[in-house]
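Labels below follow one simple rule: chain letters A, B, ... track the order of the sequence lines, proteins then strands, and each chain is numbered from 1.
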Amino acid sequence: VYTYTTMIEAYCKIRKLRRAEMLFRRMQEQGLSPNAVTYTVLIGGHCKEGNLTQAFKLLDRMIGEGCRPSICTYNAIIDGLCRKGRIHKAHGLLNECIQHGLCLDKATYTILISRHCKQGNINQALKLFDDMIDHGCEPDIYTYTALISGFCKVGNLENAEKHFSEVLEKGMVPNKVTYTAMIYGHCKANQANMAIKIMDKMIENGCTPDSVTYGALIDGLCKERKVEEAR
RNA sequence: CAAUGAGCCC
């Protein structure tokens, strides 16, 4: 089962869902029962392809066969729904999780926070951030990065910086993604000089800027007509 | 640690 699951995951990663489904069928023909991980991998693969119909079909089947979905299973579907902009339905699934006795985890909240941030709905994101803390679920660097990115997107650098400081105060370590979000925010606010300072700090702290980091920076520099600097 | 979550442009 472990081996099949790993292979199914590999096919999902390279977006060969038909191959993945084939293996899923074959393992059952061999008398092997897919477990929660197998189902989650396949459901996640379909969600990433945007095939929510198939994802829900598998979820039903999983439950029908007495295989209990985990929070990872639901998170995969919640993420898929969010990507399709069906955030309301995603929120609806939270109740289903709770009915199944599952505890929402950091990923659940981060998926939703990230989505609200992308829509510029920072207040809703903050509400979820508070909710998660109320429920004893501590935000981690992923959650903070999503939130910081949300503040950057709406040009609220003050709050972005405030949460960045909070990360440090809590002893968490900002990573490449966190710094890139900050750089993007400053570029967007026409503070390219500050963005460059942040990049220097990022390098000092052992994070290597990647193509996304440079992409954000080049965009910002070009906007400020500092094409030469961008070069 | 076999499965879920965060960053630019498009």
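- Between the CG atom of D210(A) and the C1' atom of A6(B) there is a distance of 13 Å, rounded to whole Å.
- Near-neighbour residues of RNA chain B inside residues 66-77 of chain A, defined by a heavy atom below 4.0 Å, number-ordered: S70(A), C72(A), N75(A), A76(A).
- Inter-residue side-chain proximity for Y179(A) and M199(A) is flagged as unmet; no heavy-atom pair is nearer than 4.5 Å.
- The side-chain contact (heavy atoms from CB on, under 4.5 Å) search around R68(A) returns none, not counting sequence neighbours.
- Taking atom NE2 on H46(A) and atom C1' on A3(B), their separation rounds to 15 Å, with Å as the unit.
- Remark: C1' of A2(B) and CE of M27(A) are 12 Å apart, rounded to the nearest angstrom.
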Show me the donor-acceptor pairs within less than 3.5 Å that the side chains of residues 138-146 of chain A make with the rest of the protein, sequence neighbours left out.
unit_1, atom_1, unit_2, atom_2, d
D140(A), OD1, Y142(A), N, 3.0
D140(A), OD1, T143(A), N, 3.1
D140(A), OD1, T143(A), OG1, 3.0
T143(A), OG1, T110(A), OG1, 3.0
T143(A), OG1, D140(A), N, 3.2
Y144(A), OH, E166(A), OE2, 2.7
Y144(A), OH, K170(A), NZ, 3.0
T145(A), OG1, I141(A), O, 2.6
T145(A), OG1, T178(A), OG1, 3.0

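- Under the side chain to side chain donor-acceptor pair (under 3.5 Å) criterion, N35(A) pairs with T38(A), not counting sequence neighbours.
- R61(A) has a carboxylate O that lies under 4.0 Å from a charged side-chain N of E65(A), or vice versa, which qualifies the two as a salt bridge.
- In this structure, CZ of F164(A) is placed 14 Å from C1' of A6(B), rounded to the nearest angstrom.
- By the 4.5 Å heavy-atom criterion applied to side chains, L32(A) and R26(A) are not counted as neighbours.
- The stretch residues 107-115 of chain A comes close to RNA chain B through A107(A), T110(A), I111(A), S114(A), each having a heavy atom under 4.0 Å from the strand.
- A6(B) and A2(B) have their C1' atoms separated by 23 Å, given to the nearest Å.
- Judged as a side-chain contact (heavy atoms from CB on, under 4.5 Å), and not counting sequence neighbours, the contacts of T73(A) are T40(A), I43(A), L59(A), M62(A), P69(A), S70(A).
- Across the P atoms, C1(B) and G5(B) are found 13 Å apart, a figure rounded to whole Å.
- Taking Y184(A) as the reference, nothing meets the ring-ring contact (aromatic ring centres under 6.0 Å, His included) condition, with sequence neighbours excluded.
- With sequence neighbours excluded, no residue satisfies salt bridge (charged side-chain N to carboxylate O under 4.0 Å, His left out) with E158(A).
- Straight-line distance from the CD1 atom of I43(A) to the C1' atom of A3(B): 10 Å, rounded to whole Å.
- Here A6(B) presents its C1' atom at 10 Å from CD1 of I148(A), a figure rounded to the nearest Å.
- Residues satisfying the salt bridge (charged side-chain N to carboxylate O under 4.0 Å, His left out) criterion with E21(A), sequence neighbours excluded, are absent altogether.
- Within the 3.5 Å criterion, the main-chain N or O of C117(A) finds no donor-acceptor partner in the side chain of N121(A).
- With contacts defined as side-chain heavy-atom distances shorter than 4.5 Å, the pair Q28(A)/S33(A) does not qualify.
- Screening residues 77-87 of chain A for side-chain hydrogen bond (donor to acceptor under 3.5 Å, both in side chains), with sequence neighbours left out, gives D79(A)-R83(A).
- One N or O donor and one acceptor, one from the side chain of D140(A) and one from the base of G5(B), sit under 3.5 Å apart.
- At a cut-off of 3.5 angstrom, counting only N and O atoms as typed in the model, there is no donor on one side facing an acceptor on the other between the side-chain of D105(A) and the base of G5(B).
- Across the protein-nucleic acid pair, L147(A) atom CG and G7(B) atom P stand 12 Å apart, rounded to whole Å.
- Put simply, K48(A) has no side-chain N or O that comes within less than 4.0 Å of OP1 or OP2 on A3(B).
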Which pairs, protein N/O on one side and nucleotides 8-10 of chain B N/O on the other, fall under 3.5 Å?
unit_1, atom_1, unit_2, atom_2, d
C8(B), OP1, K153(A), NZ, 3.1

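- Sorted by residue number, the list of members of residues 87-103 of chain A with any non-hydrogen atom under 4.0 Å from RNA chain B is empty.
- A donor N or O paired with an acceptor N or O is found under 3.5 Å between the base of A2(B) and the side-chain atoms of N35(A).
- If you check the side chains of K118(A) and S114(A), you find a donor sitting under 3.5 Å from an acceptor.
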